[in-house]
Trainee: 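Mind looking over this structure? Questions follow.
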Amino acid sequence: MTVGFGSDHAGIELKLYMMKHLEEKGYTCVDYGNYDPNDRGDDYPEPGRKVAEAIRAGECEKGVLICGTGLGISLAANKVPGIRAAVCSEPFTASMAVRHNNCQIIAFGARVVGRELATMIVDTFFGCEFEGGRHAKRVDMIMQIEKDYGKTE
Ligand code: RB5
């Protein structure tokens, strides 16, 4: 599986750590930026958008986004039609993000979770599968909102 990674300056160190972790497990990891941890003027919407667009384009199947809180970068990703990105600070929510919400992207904050917790969140996210059934109808209802506002998937 190919996984797209994105972060702003706040998340670069944790992003590189998580990329190495997943590569050791056999995943192909692609870094969509940002790249300079000292550039405090960089902007989280750009990598959030790039990873979401890579998933939409079929370059990646899933994504991992990290900023200070996980909020800004996930909000940007969620603006790309067809994308569902979930901010998670613990593994239970990360499992539900896949099992019930069929999210393609997991996001978290480098200023919120440490390496060990981030690893548990990521391993949980990649270890779960969408359950479909009644959850598929609800995810379809979420995506219908985009369609109702004129966005195409
Ligand atoms: C950057 O200082 C910070 O605002 C950003 O990483 C993120 O937490 C935004 O949601």
Side-chain angles (χ1 to χ4, degrees), residues 1-25 27-128 130 138-139 141-143 145-146 148-151 153:
M1 181 190 294
T2 302
V3 182
F5 277 77
S7 72
D8 69 354
H9 57 278
I12 288 175
E13 187 185 338
L14 188 55
K15 175 182 67 180
L16 296 175
Y17 179 84
M18 295 312 314
M19 286 178 68
K20 186 166 178 291
H21 173 72
L22 284 188
E23 277 164 357
E24 284 171 0
K25 291 186 147 210
Y27 291 84
T28 300
C29 297
V30 181
D31 190 351
Y32 288 86
N34 295 338
Y35 304 106
D36 182 359
N38 298 314
D39 182 6
R40 297 192 155 260
D42 73 351
D43 303 311
Y44 54 77
E46 201 173 356
R49 178 177 181 157
K50 280 183 183 168
V51 170
E53 288 179 339
I55 291 170
R56 184 175 157 82
E59 289 171 31
C60 305
E61 286 166 63
K62 293 199 173 179
V64 178
L65 295 175
I66 312 170
C67 64
T69 58
L71 288 170
I73 202 161
S74 64
L75 289 169
N78 276 312
K79 292 295 179 188
V80 176
I83 296 302
R84 294 172 298 281
V87 186
C88 299
S89 300
E90 35 69 35
F92 175 74
T93 310
S95 78
M96 287 302 161
V98 181
R99 291 168 55 198
H100 287 193
N101 308 120
N102 201 16
C103 289
Q104 309 101 323
I105 295 178
I106 187 87
F108 46 88
R111 295 172 181 160
V112 180
V113 300
R115 280 185 176 184
E116 297 304 319
L117 189 51
T119 302
M120 291 173 73
I121 290 167
V122 165
D123 285 349
T124 301
F125 181 76
F126 284 96
C128 290
F130 182 48
R138 294 163 184 165
V139 173
M141 288 172 74
I142 295 172
M143 307 325 287
I145 299 170
E146 288 183 349
D148 289 348
Y149 277 87
K151 293 186 179 178
E153 194 172 326

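What you are looking at is a predicted structure, and each value in this text was computed from that prediction instead of being measured. Keep in mind that the numbers below use all heavy atoms, side chains included, and drop hydrogens, waters and symmetry copies. Remember, it's 1-based here, ligands and their atoms both numbered in the order they're listed. Residue numbers run from 1 in the order of the sequence given.
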Trainee: Could you tell me whether the side chain of I66 reaches within less than 4.5 Å of the side chain of F108, counting heavy atoms only?
Mentor: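 They are in contact (side-chain heavy atoms under 4.5 Å apart), so the answer is yes.
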Trainee: Starting from atom 8 (O) of ligand 1, which protein heavy atom do you reach first, and at what distance in Å?
Mentor: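 Sorting protein heavy atoms by distance from atom 8 (O) of ligand 1 puts T69 N, 3.0 Å first.
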Trainee: For G68, is at least one N or O under 3.5 Å away from an N or O on ligand 1?
Mentor: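 Yes, G68 has an N/O under 3.5 Å of an N/O on ligand 1.
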Trainee: Can you name the nearest heavy-atom pair linking C67 to G70, along with the distance?
Mentor: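 For C67 and G70, the tightest heavy-atom pair comes out as SG-N, 3.1 Å.
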Trainee: Both conditions, 6.0 Å and 45 degrees, for the charged tip of K15 above the ring of Y32: are they met here?
Mentor: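 Ring-cation test returns no.
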Trainee: Between D36 and D42, is there a side-chain heavy-atom distance shorter than 4.5 Å?
Mentor: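 The answer is no, as the side chains (C-beta and beyond) never meet within the 4.5 Å cut-off.
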Trainee: Give yes if a backbone or side-chain nitrogen or oxygen of G72 is under 3.5 Å from a nitrogen or oxygen of ligand 1, and no if not.
Mentor: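 Yes, there is a polar N/O contact under 3.5 Å.
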Trainee: Report the nearest protein non-hydrogen atom to atom 3 (C) of ligand 1: residue, atom name, distance rounded to 0.1 Å.
Mentor: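 The answer is R111 NH1, 3.8 Å.
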Trainee: At a non-hydrogen distance cut-off of under 4.0 Å, which region of D8 contacts ligand 1 (side chain, backbone, both, or neither)?
Mentor: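 Side chain only; the backbone of D8 stays clear of ligand 1.
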Trainee: Looking only at protein heavy atoms, which one is nearest to atom 7 (C) of ligand 1, and what is the separation?
Mentor: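 It is C67 SG, 3.4 Å.
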Trainee: Sequence neighbours excluded, which residues qualify as salt bridge (Lys or Arg N to Asp or Glu O under 4.0 Å) partners of R99?
Mentor: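 If we apply the salt bridge (Lys or Arg N to Asp or Glu O under 4.0 Å) test to R99, skipping adjacent residues, the hits are E131.
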Trainee: Could you tell me whether ligand 1 has any atom less than 4.0 Å away from a heavy atom of R40?
Mentor: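 It does not, in that no heavy atom of R40 comes within the 4.0 Å cut-off of ligand 1.
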Trainee: Taking salt bridge (Lys or Arg N to Asp or Glu O under 4.0 Å) as the test, write out the residues that go with R115, two or more places apart.
Mentor: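 Checked R115 against salt bridge (Lys or Arg N to Asp or Glu O under 4.0 Å); matches are E13.
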Trainee: For atom 9 (C) of ligand 1, what's the nearest protein heavy-atom neighbour? Residue, atom name and distance, please.
Mentor: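 The closest one turns out to be Y44 CE2, 3.4 Å.
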